[in-house]
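Notes for the one structure printed next.
Every value quoted in this text rests on a predicted model; they were computed, and no experiment measured them. The chains referred to below are lettered A, B, ... by the order of the sequence lines, with proteins before strands, and numbering in each begins at 1.
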4 protein chains.
Amino acid sequence: MPRYRSRMPRIVVGVMGPGETATAAECESAERLGELIARRGWVVLTGGRSAGVMDAALAGAKRAGGLTIGILPHETDASASTFADIRIVTGMGEARDVVNILSSHIVVVCGMSPGTAAEIALAIKKGRHIILLDPPRATADFWTGLGGPLVHAAATLEDAVDLAARLLEPPG
Amino acid sequence: MPRYRSRMPRIVVGVMGPGETATAAECESAERLGELIARRGWVVLTGGRSAGVMDAALAGAKRAGGLTIGILPHETDASASTFADIRIVTGMGEARDVVNILSSHIVVVCGMSPGTAAEIALAIKKGRHIILLDPPRATADFWTGLGGPLVHAAATLEDAVDLAARLLEPPG
Amino acid sequence: MPRYRSRMPRIVVGVMGPGETATAAECESAERLGELIARRGWVVLTGGRSAGVMDAALAGAKRAGGLTIGILPHETDASASTFADIRIVTGMGEARDVVNILSSHIVVVCGMSPGTAAEIALAIKKGRHIILLDPPRATADFWTGLGGPLVHAAATLEDAVDLAARLLEPPG
Amino acid sequence: MPRYRSRMPRIVVGVMGPGETATAAECESAERLGELIARRGWVVLTGGRSAGVMDAALAGAKRAGGLTIGILPHETDASASTFADIRIVTGMGEARDVVNILSSHIVVVCGMSPGTAAEIALAIKKGRHIILLDPPRATADFWTGLGGPLVHAAATLEDAVDLAARLLEPPG
């Protein structure tokens with residue numbers, strides 16, 4: 001009986017950033033970022049709630065026809081973004097941040113919050129590359145001090161996605 | 001700026017059963033089950049490792065062109081089934097069973113093991129319908145005693161999938 | 001600089017059973033069980049909420065002057081039993097059942113519920129001995145079928161604690 | 001039947017810092033810190049492994065006769081500090097950091113690492129006061145920027161414990 005392998009696994013890019021406290025500019029960036037990621041054929045993964053950067057990045061990815069995953073903290077999907085195709089319901093509160101990071105091949109960060117900081121720290125611990133979008137100097141310095149060559153800054157959304165591509169697909 | 005909603009969320013059917021201790025017959029059933037589920041347009045979700053029912057159900061779903069999700073217990077995807085399109089890496093050991101259940105709209109069970117029993121118990125606690133494939137009488141009785149109307153038995157794979165369809169899409 | 005080792009680690013006995021659905025008889029057994037366990041010098045660990053077997057076992061242990069631990073599912077200790085000395089706050093919902101089992105050297109079960117069944121199944125998977133208090137025949141048969149020599153039944157509370165002592169401290 | 005309440009719950013102080021990468025000075029501080037915390041009658045809680053700040057803080061607390069808790073990431077206690085009286089075995093990898101924070105009434109930080117940064121960020125998110133021991137200016141600024149009045153710095157170990165006392169027991 002012939003079997004057909006999954007062609008990949010799919011490349012998953014995590015987009016992390018503030019929820020309710022996200023600024024309009026951060027949401028706009030996240031939405032455009034989700035779109036650019038989806039156009040590359042990558043899956044967009046976020047914390048999955050209908051708020052801030054999580055929601056915006058998924059919305060952008062759907063606009064570009066991408067596949068989207070939301071990793072939810074609660075026991076139901078009542079808080080889920082309407083743009084999440086796949087809703088992973090963890091019921092584990094903040095511990096779901098670990099799932100966000102471990103399930104992402106690379107992490108792009110749009111804005112800052114305590115939850116976002118926890119995710120960056122976990123990404124460093126687990127060896128994921130992290131791309132900070134246009135970070136303030138002190139923020140970039142702090143994380144680079146902790147994560148060294150895993151921590152990157154990108155001045156524009158396009159630069160961030162190009163950098164992700166290079167980090168994900170090193171030239172043979 | 002127009003936004004496009006995710007048409008659904010996707011319907012996710014969890015297939016649970018033994019890993020390394022699965023029998024050849026259980027794996028064969030799981031593979032055919034994955035195929036039937038995928039043909040309905042549903043996503044197949046399993047514990048994601050390259051073993052037993054987890055692996056077989058994902059293989060069957062891929063043969064039918066379906067989308068597959070593996071929820072992995074370890075911190076890397078080294079143990080993942082090659083048939084898992086999306087690999088959710090939890091790093092949480094047995095606690096990932098909770099994610100399996102909460103992320104599934106309905107659960108189909110193929111065989112029995114301690115891990116499978118934990119998942120059935122969690123499914124009952126969280127109000128998910130569970131379909132046991134051709135269970136021994138004592139097994140069916142035990143779970144029905146705990147879960148009442150949430151616990152169902154199906155004599156054939158086709159019956160199981162038809163029953164899942166009725167439970168997922170109650171007639172208007 | 002001299003250092004002083006912890007004399008042990010302390011022996012931890014998990015007591016598992018229904019919460020809100022526990023019967024008065026189950027709570028009475030759990031309270032007496034907690035007392036007997038504490039008198040042996042063992043720590044009593046439960047799911048920690050102020051309900052059913054969890055609460056009663058901790059209450060009994062405190063009456064005997066024992067040390068008590070509650071492993072709570074929520075993000076705060078608002079639901080905690082007043083008899084829990086140490087409140088481990090997991091914020092992980094049902095996933096805390098895994099912590100209950102992994103942190104217990106042996107598990108005593110008083111009554112049955114979906115959550116209790118999940119804990120027994122996890123205990124079997126993780127190689128913990130389980131003592132069922134006066135279980136119905138079908139229940140004992142089901143779990144013995146899954147767990148073999150890890151699953152024990154005890155007719156009385158005193159028998160359960162004596163059996164725990166033998167299983168915890170095998171004769172040299 | 002009279003029941004006896006737990007006199008409290010016990011006050012739990014989390015001590016967080018690097019594991020294998022801790023410096024000798026950080027371990028010395030952590031050991032002395034554990035001692036000072038235990039002398040106040042508080043329980044010392046750490047990540048529980050036999051390494052760095054985790055181990056040293058528990059050792060110090062035991063020297064002062066205190067009660068100690070280790071929250072372990074692995075599925076067994078093989079990696080546990082010999083100074084941990086109570087070994088909470090989570091099997092959840094990095095997700096145990098959430099348990100560390102939620103189970104601590106206040107957090108004292110001795111040194112910095114990716115895991116420590118994740119714990120500080122979680123503590124801010126969950127509203128715990130955090131006392132950084134003699135932090136570099138840039139570190140203090142970064143965390144204060146995220147956590148505002150929850151983030152404190154202490155120049156000496158004695159100051160840290162005095163501050164903890166004031167934060168834990170506000171004057172009536």
Spacing of C:Leu146 atom CG and B:Thr139 atom OG1 [to the nearest 0.5 Å]: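 Here the interatomic distance stands at 8.0 Å.
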Measure C:Thr116 against the heavy atoms of chain B and call it side chain, backbone, both or neither at under 4.5 Å. neither
Hey, what's the ring geometry for C:Phe142 with B:Phe142, parallel, tilted or perpendicular (30° and 60° as the breaks)?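 C:Phe142 vs B:Phe142 ring planes: parallel.
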Pick from C:Ala138, C:Ser113, C:Gly147, C:Pro136: which one has the most heavy-atom pairs with chain B under 4.5 Å? C:Ser113
Closest heavy-atom contact between [X] and [Y]?
| X | Y | result |
| --- | --- | --- |
| C:Ile124 | B:Pro114 | CG2-CG, 3.6 Å |
| B:Ala95 | C:Ala95 | CB-CB, 3.8 Å |
| C:Glu94 | B:Leu122 | CB-CD2, 3.7 Å |

